[in-house]
*Asks:* 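This is the structure, below, for whatever I ask next.
Below, read A as the first sequence line, B as the second, and so on, with proteins coming before strands; counting in each chain starts at 1.
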There are 2 protein chains.
Amino acid sequence: MTSYKDVTSYKIDDVARETGLTKRTIRYYEEIGLMPAPERSEGGTRRYTQEHIEHLRRVIEARDVLGFSLQEIQEYIVYAQELTGHRQLYPQIQEPELKLAKLREMDGALDAQLRALQEKIDKILSMKQELEQFRDRVSAGIARLEAEHDPQSTKNDMEGTRK
Amino acid sequence: MTSYKDVTSYKIDDVARETGLTKRTIRYYEEIGLMPAPERSEGGTRRYTQEHIEHLRRVIEARDVLGFSLQEIQEYIVYAQELTGHRQLYPQIQEPELKLAKLREMDGALDAQLRALQEKIDKILSMKQELEQFRDRVSAGIARLEAEHDPQSTKNDMEGTRK
DNA sequence: CTACATATTAACGTTAACGTCAACGTTAGA
DNA sequence: TCTAACGTTGACGTTAACGTTAATATGTAG
């Protein structure tokens, strides 16, 4: 399909700039298995690909947006690797039986993850509604104070309060 | 024992059971100002109210669902206290000018919080959609393998999966 | 080839968010 | 009143998630 392998490689400083992570953090994420280890140059310098960057972006999102611990992301990492292209949908499993079992396992795990995500969304929505109601009360308080203090200046839809 | 007043109080162990936090964590949250300090008995034992429990529940939600650090929750805590009833909407400020300024400040902060929440919701939704697409690919793989392995199965929803 | 910026590993340091233990005081039921 | 269960305050321990420093090797502009 693609004519040749994508040769564009990034040094760790480039990846740091692209992702906003520090070099230390990038190496750390590799160390604990949060990212596939990149190829090395002859001398041992890490050579990252675009896929590594995309992968890291997913990890960062899971960390920041979902608030997952790095341990929790480990369980999610399989899908992140699939999504980024670091793994094949079909691993090197030859027996269809095993392949099928593996896929079913993934399917179940994905369903669980999706339900958890939906639950999270629902909770955030309810928190948001609470905050909105509170903001409305604050707004009402502002409006009342404004009317009290400066009765004639506002675009009038307020009936005159006493005194 | 039972007083005529409806002022039910909880010991720290009760609060721990109600919230799922440990006693250590409850004291710690009070220590760093994440929760209003409760009244004490003559001997010094903490006496919590229902409001403390509700307050803690909000803190837990912010911690778990939003993934906030306890420091970040500190900034959100003002609203949590309002919502739980630990504070008055109008503090003891007498000057209407100051009161108004304070309310406007809260209004602005609330708007910012709400926008941040919406942004978070959007990001989670997009992550969810990605995962859903991936799950669909896995499901398709399962269906194909099942058909290969079990060709006479009565399931027939094979549409144009093949191109 | 030289110089110098950047890379590597190894090791120890740091902060948040609690856990755990000790020594001691309080509460409540028999 | 006694006592076992529960509470209190230090104070030190622990783990995750990196930061920092040092000693050394590698990459590259001139």
*Asks:* Do B/H55 side-chain atoms and B/L34 backbone N/O form a donor-acceptor pair below 3.5 Å?
*Replies:*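 Flag set: sc B/H55 to bb B/L34 pair under 3.5 Å.
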
*Asks:* Regarding B/K128 and B/E132, does a basic nitrogen lie under 4.0 Å from an acidic carboxylate oxygen?
*Replies:*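 Yes, charged N to carboxylate O under 4.0 Å.
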
*Asks:* Rounded to whole Å, how long is the line connecting atom CZ of A/F68 with atom P of D/dA17?
*Replies:*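 Rounded to the whole Å, the gap is 13 Å.
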
*Asks:* Please report, rounded to the nearest Å, how far the C1' atom of D/dA17 is from the CD1 atom of A/I60.
*Replies:*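 From A/I60 CD1 to D/dA17 C1': 14 Å.
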
*Asks:* Side-chain donor-acceptor contacts of residues 56-64 of chain B below 3.5 Å, not counting sequence neighbours, with atom names and distances?
*Replies:*
residue : atom : partner : partner atom : Å
B/R57   : NH2  : B/E18   : O            : 3.3
B/R57   : NH2  : B/E18   : OE1          : 3.4
B/R58   : NE   : B/T84   : OG1          : 3.2
B/R58   : NH1  : A/E130  : OE1          : 2.8
B/R58   : NH1  : A/E130  : OE2          : 2.9
B/R63   : NH1  : B/Y29   : OH           : 3.0

*Asks:* Rounded to whole angstroms, how far apart are CZ on B/R46 and C1' on C/dT26?
*Replies:*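 So the CZ-C1' distance, B/R46 to C/dT26, works out to 13 Å.
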
*Asks:* In whole Å, what is the span from the CD1 atom of B/I73 to the C1' atom of C/dA17?
*Replies:*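 About 11 Å, once rounded to whole Å.
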
*Asks:* Apply the salt bridge (charged side-chain N to carboxylate O under 4.0 Å, His left out) test between A/R46 and each candidate in A/E39, A/E31, A/E30; give the one that qualifies.
*Replies:*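 Exactly one candidate clears the test, A/E30.
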
*Asks:* Select from B/I12 and A/R63 the residue whose nearest nucleotide in DNA chain D is closer to the 5' end of that strand.
*Replies:*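 By nearest-heavy-atom nucleotide position, the 5'-most residue is B/I12.
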
*Asks:* Send over the distance from B/Y48 OH to D/dC6 P, rounded to a whole Å.
*Replies:*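 About 16 Å, once rounded to whole Å.
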
*Asks:* Rounded to whole angstrom units, what separation is found between the CD atom of A/Q71 and the P atom of D/dT15?
*Replies:*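 Those two atoms, CD and P, are 12 Å apart.
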
*Asks:* Going by number, which of residues 21-45 of chain B have a non-hydrogen atom under 4.0 Å from DNA chain C?
*Replies:*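 Under 4.0 Å from DNA chain C: B/T22, B/R24, B/T25, B/Y28, B/Y29, B/S41, B/G43, B/T45.
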
*Asks:* I'd like to know whether A/D14 forms a salt bridge (charged side-chain N to carboxylate O under 4.0 Å, His left out) with A/R17, so could you lay out the CA-CA distance, the side-chain angles of the two residues, the decisive distance to 0.1 Å, and finally the verdict.
*Replies:* CA-CA 5 Å; A/D14 304 328; A/R17 209 177 320 102; 3.3 Å; yes

*Asks:* Starting at atom CZ of B/R47, determine the distance to atom C1' of C/dA28, rounded to an integer number of angstrom.
*Replies:*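 My rounded result for the distance is 11 Å.
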
*Asks:* Check whether any side-chain heavy atom of A/P38 sits under 4.5 Å from a side-chain heavy atom of A/T49, and report yes or no.
*Replies:*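 Side chain of A/P38 against side chain of A/T49, heavy atoms only: no contact under 4.5 Å found.
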
